Undergrad: 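After the structure tokens below, expect a handful of questions from me.
Just so we're clear, the structure is a prediction, and the values are computed from it rather than from any experiment.
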Amino acid sequence: MTTACEIPAVAVDRLLSGRFQRLLVMAFGSGLSMYLLTSVVPMYLAANGSGGVGAGLSTAAMMFSAVGVELVVPRMLARWGYQVVLGVGLVLLGAPSLVLLASASLPVVLAVCIVRGAGLAILVVGAVALVADLTPAARRGEALGVYGVAVGVPAVIGLPLGVYLIDVIGFGALFVLAAVASLAGLVMLIGLPARIAVEEQHVKVLGGVRRSGLLMPTLVFAAVTVAAGISVTFLPLAVAGDRQSMVASALLLQAIAAPAARWLAGRYADRVGPAKLLAPALVLAAVGAGSLVFLPSPIAILIGSTCFGAGFGAAQNLTLTLMYNRVDRSRFGQVSALWNLAYDGGWGLGALAFGAVVGGTGYPVAFALTAAVVALAVVPAVRASAA
């Protein structure tokens with residue numbers, strides 16, 4: 001993918017250019033479309049007889065679809081440019097939600113999740129690469145933090161609101177709302193770069209990962225996203241139905257903590273370097289994930305969700321900034337695709353694996369195993385900070 005795309009080198013340290021603002025608005029709408037249904041679709045399936053396995057499959061289908069498409073998004077962007085490709089992504093993410101109005105069968109829902117996953121892949125890879133190009137290198141961590149807020153605030157709104165609105169307006173109205181949130185972003189494409197002006201280095205998404213120092217942050221971030229996919233998919237199912245307001249509060253706290261930590265981590269990473277902050281972020285995420293073992297305790301769930309959200313948000317920024325710092329501008333597209341592969345692959349794999357084992361182990365043990373996966377990622381992060 002070419003990422004210079006008709007954008008002159010940035011000579012001033014201005015973050016919020018007109019193009020960057022339009023990108024942020026588009027990211028907000030597409031993020032809201034995603035997060036409104038992240039916990040709702042698994043609950044929709046469970047309410048219609050598909051159980052925990054169906055819930056895990058829905059999240060896994062969307063994320064694995066995203067993983068597959070992310071491998072080709074750089075080539076799509078190089079051929080058609082940002083406006084066309086991002087427009088396709090908005091349509092694929094939003095429009096299929098309307099199909100859920102007609103059917104709750106597992107095959108139909110999984111098909112919808114697959115198509116939405118393709119749209120998500122296009123949007124996240126294209127947007128993250130464009131952020132790095134639209135903003136000055138000296139403030140890249142902060143710019144990625146601002147972008148993190150733009151995509152994190154929809155989680156603050158969408159995750160708890162989706163769960164809450166099920167009993168207020170029903171599943172059908174939520175599906176329509178999710179479609180509108182994404183499709184409205186088409187207006188924001190006006191003014192974004194339409195053509196690629198400078199060719200990117202021809203490298204496959206997985207090419208040169210080890211030699212360029214991208215492997216460690218990719219795997220570390222994937223470990224955290226495993227826990228993220230599990231928490232938003234299964235926490236509503238792990239808690240008794242009469243305590244869903246507490247689940248909504250926990251998801252709200254997690255969603256608030258993530259973008260705030262992502263922005264703060266970006267500001268400090270520009271000063272001290274992202275590697276030094278990565279291990280503490282992972283420790284915080286592991287502690288948060290481990291606290292879900294104490295499911296009967298509302299305090300443990302609320303505090304744990306907050307801690308995990310903060311650690312997860314910081315890890316998002318720190319791993320991505322670290323990866324961008326290790327390559328030149330011609331490989332920004334590869335970094336964006338690789339980082340999003342870790343995000344969506346970990347999210348989907350976590351939900352799928354958790355759904356397969358929770359029936360035999362129970363929720364506390366399964367959540368403990370989740371925390372152990374995150375804790376293992378602390379080791380390479382500590383080594384990176386000492387290097």
Undergrad: Take Leu251 and Ser39 through the side-chain contact (heavy atoms from CB on, under 4.5 Å) test and state the conclusion after the steps.
TA: CA-CA 10 Å; Leu251 292 174; Ser39 294; 4.0 Å; yes
Undergrad: Do Trp347 and Leu369 belong to the same hydrophobic cluster, where Ile, Leu, Val, Met, Phe, Trp and Tyr are linked whenever their side-chain heavy atoms lie under 4.5 Å apart, directly or via other members?
TA: no
Undergrad: Keeping Glu70 on the side-chain end and Leu341 on the backbone end, is there a donor-acceptor pair under 3.5 Å?
TA: yes
Undergrad: Mind checking what makes side chain to side chain contact (heavy atoms under 4.5 Å, CB included) contact with Leu165, not counting sequence neighbours?
TA: Leu161, Val168, Ile169, Leu174
Undergrad: How long is the straight-line distance from CD of Gln21 back to CE of Met188, given to the nearest 0.5 Å?
TA: 10.5 Å
Undergrad: Are Val232 and Val357 co-members of a hydrophobic cluster defined by side-chain heavy atoms under 4.5 Å apart?
TA: no
Undergrad: Quick one: does Cys113's side chain get under 4.5 Å of Val41's, heavy atoms only?
TA: yes
Undergrad: For Ala222 and Thr225, which heavy atoms make the closest approach, and how far apart are they?
TA: O-OG1, 2.9 Å
Undergrad: Any idea which heavy atoms bring Gly141 and Thr321 closest together, and the distance?
TA: CA-OG1, 3.8 Å
Undergrad: Ignoring hydrogens and angles, tell me if any N or O in the side chain of Ser33 forms a donor-acceptor pair with the backbone of Ala181 under 3.5 Å.
TA: no
Undergrad: Is it the case that the ring center of Phe367 lies less than 6.0 angstrom away from the ring center of Phe234?
TA: no
Undergrad: Before you tell me yes or no, could you show the steps for Val88 and Trp80 under side-chain contact (heavy atoms from CB on, under 4.5 Å), namely the whole-Å CA-CA distance, both residues' side-chain angles and the distance that decides it to 0.1 Å?
TA: CA-CA 11 Å; Val88 171; Trp80 295 302; over 6 Å; no
Undergrad: Considering non-hydrogen atoms only, spot the tightest contact between Val220 and Ala377 and give its length.
TA: CG2-O, 3.8 Å
Undergrad: Do Leu90 and Leu189 come within less than 4.5 Å of each other through their side chains, counting heavy atoms only?
TA: yes
Undergrad: Classify the angle between the aromatic ring planes of Trp339 and Phe221 as parallel (below 30°), tilted (30 to 60°) or perpendicular (above 60°).
TA: parallel
Undergrad: Which distance, rounded to the nearest 0.5 Å, do you find between the CD1 of Ile301 and the OG of Ser249?
TA: 11.0 Å
Undergrad: Indicate if Leu278 and Val283 have the same hydrophobic cluster label, given that clusters are the connected sets of ILVMFWY residues with side-chain heavy-atom separations under 4.5 angstrom.
TA: yes
Undergrad: Would you call Leu24 and Val149 a side-chain contact if the rule is heavy atoms closer than 4.5 Å?
TA: no
Undergrad: Please say yes or no: joined through hydrophobic side-chain contacts below 4.5 Å, possibly via intermediate residues, are Tyr44 and Val112 part of one cluster?
TA: yes
Undergrad: Where is the tightest heavy-atom contact between Arg19 and Gly191, given as atom of each residue plus distance?
TA: NE-O, 3.3 Å
Undergrad: Kindly indicate whether the side chain of Met216, heavy atoms from C-beta on, has any atom under 4.5 Å from the side chain of Leu322.
TA: yes
Undergrad: Less than 4.5 Å apart, any side-chain heavy atom of Phe175 and any of Leu37?
TA: yes
Undergrad: Report yes or no: does Asp270 contribute a side-chain atom to a donor-acceptor pair with the main-chain N or O of Glu142 at less than 3.5 Å?
TA: yes
Undergrad: Please list all pairs passing the ring-ring contact (aromatic ring centres under 6.0 Å, His included) test where one or both residues lie in residues 308-327, with sequence neighbours left out.
TA: Phe308-Phe312, Phe312-Tyr343, Tyr324-Phe332
Undergrad: I'd like to know if the side chain of Ser305 reaches the main chain of Leu302, judged simply by a donor and an acceptor atom lying under 3.5 Å from each other, with no hydrogens or angles considered.
TA: no
Undergrad: Could you check whether any side-chain heavy atom of Met43 comes within less than 4.5 Å of a side-chain heavy atom of Ile166, counting everything from C-beta outward?
TA: yes
Undergrad: Using a 3.5 Å distance criterion without hydrogens, assess whether the side chain of Ser297 forms a donor-acceptor pair with backbone atoms of Phe294.
TA: no
Undergrad: Could you pull out the closest heavy-atom pair between Asn317 and Arg262, with the gap in Å?
TA: ND2-O, 2.8 Å
Undergrad: Any donor-acceptor pair under 3.5 Å linking the side-chain atoms of Arg116 with those of Ser182?
TA: no
Undergrad: Any heavy-atom pair between the side chains of Leu352 and Phe64 that's under 4.5 Å?
TA: yes
Undergrad: Taking the side chain as everything from C-beta on, heavy atoms only, tell me whether Leu100 gets closer than 4.5 Å to Phe171.
TA: no
Undergrad: Roughly how far, to the nearest 0.5 Å, is the CZ atom of Arg22 from the CG atom of Leu192?
TA: 6.0 Å
